[in-house]
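One structure is given below, encoded as structure tokens.
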Amino acid sequence: LFGITKGDIASVRFELTGVNNEVDLLKDFGDEGGSGCHTLAGDFPSLQTDADGNLLGEIVSRVIGLDLKNGNHLTIIATLADGSTQSVTFDVTQLLSVFYRLADDECITLNASLSFGIDGMTGSIEGWTPGWNEDVSGN
């Protein structure tokens, strides 16, 4: 999140697509047993800042199943104090592909951190010819 600070953020939400909210108990447990593909969404409560200035939050959720055939995407949405939003979406299908092979006491953890600063920013000026070392003037 470039050009803003932690103080500019009003809230942070998440959305995970491809979550099954119903299971047909007459079918075998697994991807085919699920139905009702929906998006799991919520707000991150009590955001914290780590020593590096990254914004951290945690959500724990239990799901009945995942629709791995149509893909799963995790979107993090930061709503700023002025009402505008910035978001990033990750394809997490591969990360969640082990869902149906987990033991009863195992879980999958997805981590995302929001960092602030200007590291890695690049840009260009239209009409600029690289290599000219003359002073630039204008309005």
Side-chain angles (χ1 to χ4, degrees):
L1 300 172
F2 298 112
I4 65 171
T5 66
K6 178 183 180 267
D8 295 325
I9 294 181
S11 64
V12 179
R13 294 185 49 77
F14 73 94
E15 295 177 354
L16 177 62
T17 62
V19 176
N20 288 327
N21 67 336
E22 299 174 359
V23 171
D24 183 346
L25 295 178
L26 297 176
K27 294 183 179 180
D28 292 335
F29 184 72
D31 200 27
E32 285 75 29
S35 62
C37 183
H38 290 276
T39 298
L40 177 66
D43 292 318
F44 285 101
S46 63
L47 296 170
Q48 304 293 323
T49 305
D50 69 7
D52 295 326
N54 297 317
L55 194 59
L56 306 172
E58 181 177 320
I59 295 287
V60 176
S61 181
R62 296 183 188 271
V63 297
I64 294 173
L66 296 173
D67 179 5
L68 300 174
K69 292 178 186 164
N70 294 316
N72 306 99
H73 294 88
L74 175 64
T75 301
I76 307 295
I77 305 118
T79 300
L80 305 182
D82 66 4
S84 64
T85 60
Q86 293 189 22
S87 65
V88 61
T89 300
F90 305 97
D91 184 343
V92 294
T93 308
Q94 187 65 32
L95 295 172
L96 298 177
S97 65
V98 299
F99 181 81
Y100 290 105
R101 295 189 303 263
L102 293 174
D104 293 343
D105 61 346
E106 292 181 302
C107 65
I108 295 174
T109 302
L110 300 176
N111 294 309
S113 63
L114 302 179
S115 59
F116 307 91
I118 59 172
D119 292 342
M121 285 186 79
T122 61
S124 63
I125 301 172
E126 288 184 27
W128 181 263
T129 302
W132 287 3
N133 292 324
E134 49 197 48
D135 291 334
V136 176
S137 62
N139 298 325

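None of the values given here were measured: they were computed from a predicted structure.
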Review point. To the nearest 0.5 Å, how far apart are CD1 in I59 and CG in L110?
Key: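 Between I59 CD1 and L110 CG, I get 12.0 Å after rounding to 0.5 Å.
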Check side chain to side chain contact (heavy atoms under 4.5 Å, CB included) between [X] and all other residues, then give those that pass, not counting sequence neighbours.
X: V63; result: V19, L40, S61, L66, F99
X: A103; result: D105, E106
X: L47; result: V12, F44, L55
X: L80; result: I4, I9, D82, S84, Q86

Under 3.5 Å, side-chain donor or acceptor atoms of residues 72-79 against the rest of the protein: list the pairs with distances, not counting sequence neighbours.
unit_1, atom_1, unit_2, atom_2, d
N72, ND2, T17, O, 3.0
N72, ND2, G18, O, 3.3
T75, OG1, T89, OG1, 2.9

Does anything in residues 51-71 pair up under ring pair (Phe, Tyr, Trp, His ring centres under 6.0 Å), and if so which pairs, sequence neighbours excluded?
->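 Matches after skipping sequence neighbours: none remain.
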Could you pull out the closest heavy-atom pair between P45 and E58, with the gap in Å?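 Closest approach of P45 to E58, heavy atoms only: CD-O, 4.0 Å.
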Those residues at least two apart in sequence (or on a different chain) that pass salt bridge (Lys or Arg N to Asp or Glu O under 4.0 Å) with D43 are R13
Within the structure provided, determine whether L102 and I108 are in side-chain contact (heavy-atom separation under 4.5 Å). yes
